[in-house]
There are 2 protein chains.
Amino acid sequence: MTETAPRPTLEAVAARAGVSRATVSRVVNGGDGVREPLVERVRKAVEELGYVPNQAARSLVTRRHDAIAVVVAEPETRVFADPFFALQLRGISKELTAHDNQLVLLLTEGRDDHARVGRYLAGGHVDGALVFSLHLDDPLPGLIQHAGVPTVFGGRPGWSGDRRGVVYVDSDNRGGARDAVRHLAGLGRTRIAHITGALDQTSAVDRLDGYRDVMVDADPQLIVEGDFTPTGGERAMRELLERCPDLDAVFAANDLTAAGALRVLRASGRQVPDDVAVVGFDDMLPVAEQTDPPLTTVRQDIEEMGRLMARLLLRGVDRRAGERVGGAPSSVVLPTTLVRRASA
Amino acid sequence: MTETAPRPTLEAVAARAGVSRATVSRVVNGGDGVREPLVERVRKAVEELGYVPNQAARSLVTRRHDAIAVVVAEPETRVFADPFFALQLRGISKELTAHDNQLVLLLTEGRDDHARVGRYLAGGHVDGALVFSLHLDDPLPGLIQHAGVPTVFGGRPGWSGDRRGVVYVDSDNRGGARDAVRHLAGLGRTRIAHITGALDQTSAVDRLDGYRDVMVDADPQLIVEGDFTPTGGERAMRELLERCPDLDAVFAANDLTAAGALRVLRASGRQVPDDVAVVGFDDMLPVAEQTDPPLTTVRQDIEEMGRLMARLLLRGVDRRAGERVGGAPSSVVLPTTLVRRASA
DNA sequence: GGATCATCCGAGAGCGCTCTCACCTCCTCC
DNA sequence: GGAGGAGGTGAGAGCGCTCTCGGATGATCC
């Protein structure tokens with residue numbers, strides 16, 4: 001914890017280079033319209049003094065912060081047991097860094113925090129927001145809309161409010177689920193069960209819908225609600241085995257759920273995939289490759305989702321700043337692919 | 001992506017309340033030395049106009065940002081497969097939020113990024129930095145010291161530079177390792193192997209030292225280098241079984257490594273804990289509780305580490321800002337506890 | 001009742017930067 | 001050779017806030 005040295009200002013650089021503040025400012029911001037010899041002199045002065053612009057002063061006049069908030073509206077510990085979010089964060093970070101933007105992370109713990117986040121966003125500290133893990137009844141989108149900050153959502157928000165101008169990036173959950181179930185059907189399986197995700201999230205609902213698209217008149221006994229966690233998967237699998245001991249396949253809403261289901265199946269003496277075939281969702285590598293047997297699953301490019309969210313948001317921010325960068329960004333749904341491994 | 005409305009300024013609030021800017025400022029910042037009726041009037045005006053202070057303008061004069069950078073110097077994907085970091089982040093976030101500070105996340109990808117991070121910290125955008133996952137040869141501490149930003153490290157930095165004023169929070173890795181190995185010895189095991197972590201990190205080195213403290217003249221064949229990952233654990237375990245088929249216990253440098261080792265042991269037909277007892281490190285719940293059998297492991301309170309780091313840093317920041325808050329913060333080493341489950 | 005003092009409030013400077021606008025120089029062209 | 005123009009540079013205002021300092025106000029005390 002060292003002590004502060006007073007940092008040089010534009011003024012100081014200008015004095016040293018023998019030019020005006022305005023010229024230094026021009027050079028620091030790209031140097032357009034300044035003649036070469038002067039540019040050189042200013043650069044040298046900047047170097048010698050170790051000048052770094054004061055971001056606060058700059059923001060005060062430009063009204064830009066070059067910072068984006070990432071809001072994770074996840075009250076539970078689940079996000080943290082789940083590499084999903086970390087991967088998106090990585091994608092976001094890469095994209096933001098590439099555009100010289102900073103990432104301000106806002107984790108919310110419970111309801112009270114929503115107000116805090118709303119205030120923060122409204123406070124104009126950041127140029128935009130990326131919002132994750134929305135649940136169906138979440139008040140956050142309303143607050144954000146009210147704050148008037150450009151926003152992109154991670155996953156389609158299941159939100160009943162004003163939809164205009166809502167931009168999100170999502171995977172084709174429904175299509176991916178269809179692929180998974182069709183694959184199982186293609187293997188000759190007929191009693192295909194589904195362990196859902198937490199149904200207060202649209203991704204879980206969409207995957208369930210995809211399952212139903214294929215299993216048009218599925219035995220309702222074959223559907224059990226899970227919660228995207230391994231223990232939820234275990235519980236659901238036990239319930240399924242009790243209700244439908246004759247099932248021959250399981251489509252789990254995500255890989256973690258599938259991992260839990262696999263354990264229960266093994267414990268029950270059933271062989272995977274011979275007795276029961278299992279398909280997951282996400283292709284979360286550390287999980288999907290490490291299960292026994294390795295998991296057949298629906299891959300979504302999570303990091304790319306993150307990167308895309310950031311890109312859309314930055315475009316929206318620039319647009320708002322008056323730069324012409326094409327029309328208003330619109331939502332994107334990314335395709336999924338089935339990855340075959342040993343479990344189905 | 002809604003449009004901006006011009007936000008009200010202090011001036012506007014002052015006009016509406018019929019007072020001066022200074023008075024509004026006082027009220028907004030706590031209201032000391034302003035008489036009740038005026039406070040009330042100002043509060044009302046703030047409310048009515050929806051006034052939120054402009055942080056940039058404030059920072060410009062106070063030189064405080066109420067923001068802390070979290071730097072993750074981890075070039076690999078490992079951090080993300082590992083809930084460890086996420087838990088610390090959660091602890092940090094809680095503590096920062098409680099003190100109205102924001103969290104700016106800086107992820108670095110490879111060497112070039114270090115310069116960027118150094119520049120950012122030197123740029124005075126944040127009041128302090130929390131730095132993680134340092135490797136032995138990392139240039140970051142030097143850069144940070146040069147930037148002159150108050151910093152707290154997560155884990156003891158294995159760094160050969162100037163040590164003065166370096167503050168870190170760490171677990172008692174060595175002591176925890178000793179407990180683990182002693183526990184195995186107490187079970188009557190004599191051929192106790194160790195799969196190390198990535199030895200370019202001090203935590204791995206310390207755990208190895210702890211192992212050696214107890215196994216004073218251990219067969220060097222019983223020590224294999226791992227890398228904190230499940231696959232590393234598998235590879236190491238295979239190597240161990242080949243070299244020392246008579247081993248009767250394994251102390252793995254972390255839970256993920258232990259999980260990999262467990263798989264290999266099972267595949268080799270050995271019973272855990274009967275043939276080989278296994279102890280991990282971290283007590284990372286989703287991992288430790290889900291292995292088969294559940295893992296005996298050394299618990300460290302990861303979230304608390306994060307919270308503590310943030311607390312120390314904020315104290316250092318306040319100190320620097322001239323507020324008297326006791327002496328310079330010094331490093332903290334948190335105790336660990338052995339958690340007994342089925343694997344040993 | 002007037003001097004003294006504490007308390008409260010407002011005027012105004014200034015944080016470090018950007019950006020407009022006027023000026024100045026040097027070409028170009030008729 | 002002089003008008004017109006293009007491009008470079010500097011002066012200065014102002015972004016929204018905090019904070020010092022002096023003045024006003026009213027309480028206190030002899």
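Source: prediction; values computed, not measured.
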**Q** Taking the side chain of B:Leu38 as heavy atoms from C-beta outward, which of D:dG14, D:dC17, C:dC9 is closest to it?
**A**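 Given the options D:dG14, D:dC17, C:dC9, the side chain of B:Leu38 is closest to C:dC9.
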**Q** Using only atom types and a distance under 3.5 Å, with no angle test, would you say the side chain of A:Asn101 pairs donor to acceptor with the backbone of A:His99?
**A**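 Yes, because the side chain of A:Asn101 sits within donor-acceptor range (under 3.5 Å) of the backbone of A:His99.
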**Q** Starting at atom CZ of A:Arg64, determine the distance to atom P of C:dC17, rounded to an integer number of angstrom.
**A**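 These atoms are roughly 19 Å apart.
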**Q** Rounded to whole angstroms, how far apart are CD on B:Glu36 and C1' on C:dT7?
**A**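 That distance rounds to 15 Å.
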**Q** A:Leu10 CG to D:dA11 C1': how many Å, rounded?
**A**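 Going from A:Leu10 (CG) to D:dA11 (C1'), I get 15 Å.
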**Q** Rounded at 0.5 Å granularity, tell me how far CG in B:Asp66 sits from CZ in B:Arg58.
**A**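 Going from the CG atom of B:Asp66 to the CZ atom of B:Arg58 covers 8.0 Å.
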**Q** Side chain of B:Asn29: nearest nucleotide among D:dT18, D:dG16, C:dC17?
**A**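 Nearest to the side-chain atoms of B:Asn29, counting from C-beta on, is D:dT18.
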**Q** Roughly, in whole Å, what's the span from CD in A:Gln55 to P in C:dC17?
**A**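 Whole-Å distance recorded here is 10 Å.
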**Q** Using side-chain heavy atoms (C-beta onward) and a distance below 4.5 Å, is B:Met309 in contact with B:Phe132?
**A**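 In contact.
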**Q** Consider the side chain of B:Ala57, meaning its heavy atoms from C-beta on, and name the nucleotide among D:dC17, C:dG16, D:dA11 that approaches it most closely.
**A**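 So the nucleotide nearest the side chain must be D:dC17.
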**Q** Considering only heavy atoms from C-beta outward, does the side chain of A:Ser331 approach that of A:Phe153 to under 4.5 Å?
**A**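 Heavy-atom side-chain distance check fails, nothing below 4.5 Å.
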**Q** Nearest nucleotide by nearest heavy atom, which residue falls closer to the 5' end of DNA chain C, B:Leu60 or B:Ser20?
**A**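 On the 5' side of the pair lies B:Ser20.
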**Q** Could you check how far CZ of A:Arg35 sits from C1' of C:dT25, rounded to whole Å?
**A**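 Taking CZ of A:Arg35 and C1' of C:dT25, I get 8 Å after rounding.
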**Q** A:Asn54 has an atom CG; how far is it from atom P of D:dC17, in whole Å?
**A**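 Atom CG in A:Asn54 sits about 16 Å away from atom P in D:dC17.
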**Q** Please figure out whether A:Arg58 or B:Val19 has its closest DNA chain C nucleotide nearer the 5' end.
**A**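 The 5'-side residue here is B:Val19.
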**Q** Side-chain N or O of B:Thr23 versus OP1/OP2 of C:dG10: is the shortest distance under 4.0 Å?
**A**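 Yes, such a contact exists.
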**Q** Between the base of D:dT18 and the side chain of B:Arg21, is one N or O donor paired with an acceptor at under 3.5 angstrom?
**A**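 For B:Arg21, whose side chain was compared with the base of D:dT18, there is a donor-acceptor pair (under 3.5 Å).
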**Q** Indicate, yes or no, whether a donor-acceptor pair under 3.5 Å links the base of D:dG10 to the side chain of A:Arg26.
**A**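 Pair found.
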**Q** Quick one: do B:Arg26 and B:Asp32 satisfy salt bridge (charged side-chain N to carboxylate O under 4.0 Å, His left out)? Show the steps, please.
**A** CA-CA 7 Å; B:Arg26 277 188 271 259; B:Asp32 300 347; over 6 Å; no
**Q** Output the rounded distance in Å from CZ (A:Arg63) to P (C:dC19).
**A**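 Taking CZ of A:Arg63 and P of C:dC19, I get 12 Å after rounding.
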